[in-house]
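Written out below as structure tokens is the structure these notes cover.
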There are 2 protein chains.
Amino acid sequence: MARNKQYHQFLRQCGLKVTSTRLLVLDVLMSTRTALSHSDILDKTRGSRLDKVTLYRTLNTFITHGIAHKVASEDRNWLYALHPIDRNNTVRDDHAHFICDQCERIYCLPVQTRNSMPAPESEEGFVIRTHEYRLHGICPQCH
Amino acid sequence: MARNKQYHQFLRQCGLKVTSTRLLVLDVLMSTRTALSHSDILDKTRGSRLDKVTLYRTLNTFITHGIAHKVASEDRNWLYALHPIDRNNTVRDDHAHFICDQCERIYCLPVQTRNSMPAPESEEGFVIRTHEYRLHGICPQCH
DNA sequence: GATTTTATTGCAACTTTGTTGCATTTTAGG
DNA sequence: CCTAAAATGCAACAAAGTTGCAATAAAATC
Ligand SMILES: [Mn+2]
Ligand SMILES: [Mn+2]
Ligand SMILES: [Zn+2]
Ligand SMILES: [Zn+2]
């Protein structure tokens, strides 16, 4: 409940009205290391009669306001996560998505940026603007 | 129709029965540069009364037999493509997916392998086995 | 070439994920 | 406290994909 004040301030900074739904969803997303699906979040908020449509809209609002982003899971639905934050509290938009082949959880991991971006091989006319690294393997939980 | 003989041989090599559906889908996938969705393929085969379930099953068969692979599109559904083939006719499983931000087409592009894989930064316990590069930008068609 | 075996196909019904329209409620600011 | 604007809940809908089952087509054996 001390958190709530911080979340409140944070939402207002983002130009959003503060609602109980937004505080709730923000808290769920804050308290996980892995990206969560819409139904994961619904499960974690059982008892708070949060409507599924409202949750979809809340997540989209978070995305359009730069609070969260979504990642496609291996079984074709969206997982949502807050933007990873650096040691110096700045948002890292250059990060990788680690997909555990065993538990299927997806983690947003900071990666070493010294690696150069893979360039298309002898292909002309492809102009790269952004990129996403998806890493597959085994996560610490499943090791 | 000269192609059909090649496809026929190819399917048998893969341990699959030769059916008109498989020949048809193989031909569609052969004759495109970009990954296609289930409904793209249905559209391109209109007139051949190919059932949607049969198409899903055919695509999955191609995947489990190493003929094709699927890529998640930006709007959360699967696009299917044959494995890209090298100059020396060997399958490249190390390639990038180029997503055009304008036309939303996805291309499988060979990439220079000299770039090292991005390693997780100071994170322990993540064992990377494979990876996928997703590159966003503008494709030659939309340039 | 006909027969048998086995895999593939088509259809209907269903599930899961996500969207739209609209009436009601909540928020923020004066 | 009052008001305008935004957020919410509900019902109905749409798209993507799956399951079970009976009918059909491929290929192996004779
Ligand atoms: Mn991420
Ligand atoms: Mn590919
Ligand atoms: Zn795991
Ligand atoms: Zn394009």
Side-chain angles (χ1 to χ4, degrees), chain A residues 4-5 7-26 28 35-65 67-80 104 106, chain B residues 4-5 7-26 28 35-65 67-80 104 106:
Chain A
N4 258 16
K5 211 144 214 171
Y7 294 161
H8 193 291
Q9 198 180 355
F10 176 62
L11 288 170
R12 297 265 59 203
Q13 269 171 20
C14 296
L16 291 176
K17 290 191 172 178
V18 178
T19 70
S20 55
T21 299
R22 284 171 185 169
L23 290 170
L24 182 62
V25 175
L26 200 51
V28 170
L36 300 177
S37 70
H38 175 272
S39 74
D40 288 340
I41 300 172
L42 264 196
D43 285 352
K44 294 203 178 222
T45 58
R46 224 176 312 161
S48 37
R49 72 179 144 304
L50 168 56
D51 185 69
K52 62 170 190 151
V53 179
T54 305
L55 179 53
Y56 278 120
R57 292 197 269 229
T58 301
L59 291 168
N60 283 333
T61 302
F62 281 5
I63 289 173
T64 59
H65 285 73
I67 297 173
H69 66 290
K70 61 183 174 179
V71 196
S73 75
E74 291 304 287
D75 55 341
R76 85 130 194 14
N77 52 33
W78 291 121
L79 305 188
Y80 300 84
E104 308 219 290
I106 297 189
Chain B
N4 259 16
K5 210 142 216 171
Y7 294 163
H8 193 291
Q9 198 181 355
F10 176 63
L11 288 170
R12 299 265 57 201
Q13 269 170 20
C14 296
L16 292 176
K17 288 191 173 177
V18 178
T19 70
S20 55
T21 300
R22 285 171 186 169
L23 290 169
L24 182 62
V25 176
L26 200 52
V28 170
L36 300 177
S37 70
H38 175 271
S39 75
D40 288 340
I41 300 172
L42 265 196
D43 285 352
K44 293 203 179 225
T45 58
R46 226 176 309 160
S48 36
R49 73 178 144 303
L50 169 56
D51 185 68
K52 63 170 190 153
V53 180
T54 304
L55 179 54
Y56 279 121
R57 292 198 269 230
T58 301
L59 292 167
N60 282 334
T61 302
F62 281 5
I63 290 172
T64 58
H65 284 74
I67 297 174
H69 65 290
K70 60 182 176 181
V71 195
S73 75
E74 291 305 288
D75 55 341
R76 86 136 193 9
N77 51 33
W78 291 121
L79 304 189
Y80 300 85
E104 307 219 291
I106 298 190

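Chain naming here is simple, since letters A, B, ... match the order of the sequence lines and numbering starts at 1 in each.
- Residues A:R22 and A:F62 have side chains in contact (heavy-atom distance under 4.5 Å, counting atoms from C-beta outward).
- Checked by atom type and distance alone, the side chain of B:T45 pairs as donor or acceptor with a backbone atom of B:I41 at under 3.5 Å.
- Although no hydrogens or angles enter the test, the distance criterion places a donor-acceptor pair under 3.5 Å between the side chain of B:H38 and the main chain of B:K52.
- Shown for residues 47-63 of chain B: residues whose heavy atoms fall under 4.0 angstrom of DNA chain D, namely B:K52, B:V53, B:Y56, B:R57.
- Separating the CG atom in A:L42 from the CG atom in A:D51 is a distance of 8.5 Å, to the nearest 0.5 Å.
- Atom CG in A:L16 sits 7.5 Å away from atom OG1 in A:T64 (nearest 0.5 Å).
- At whole-Å resolution of the value, CZ in B:R22 and C1' in D:dA25 are 11 Å apart.
- We find that CG of B:L23 is positioned 13 Å from C1' of C:dT8, with the value rounded to whole Å.
- Under the 4.5 Å side-chain criterion, counting only non-hydrogen atoms from C-beta, A:L11 is not in contact with A:T19.
- One atom, CG of B:N77, and another, P of C:dT19, lie 12 Å apart when rounded to the nearest Å.
- For DNA chain C, the residues of residues 14-21 of chain A within the heavy-atom distance limit of 4.0 Å (strictly under) are A:K17, A:V18, sorted by number.
- What separates CH2 of B:W78 from P of D:dG17 is a distance of 9 Å, to the nearest Å.
- Here OG1 of A:T58 is found 11.0 Å from CD1 of A:I63. Values are rounded to the nearest 0.5 Å.
- Spacing between atom CG of B:L26 and atom P of C:dT8 amounts to 15 Å, rounded to whole angstrom units.
- The NZ atom of B:K70 lies 8.5 Å from the CD atom of A:E74; values are rounded to the nearest 0.5 Å.
- Counting to the nearest Å, the P atom of C:dT17 and the NZ atom of A:K70 are 15 Å from each other.
- Under the 4.5 Å side-chain criterion, counting only non-hydrogen atoms from C-beta, A:D40 is not in contact with A:Y80.
- When the P atom of C:dG18 is taken as reference, atom CG of A:L42 falls 11 Å away, rounded to whole Å.
- Distance CG (A:L11) to P (C:dT27): 12 Å, rounded to an integer number of Å.
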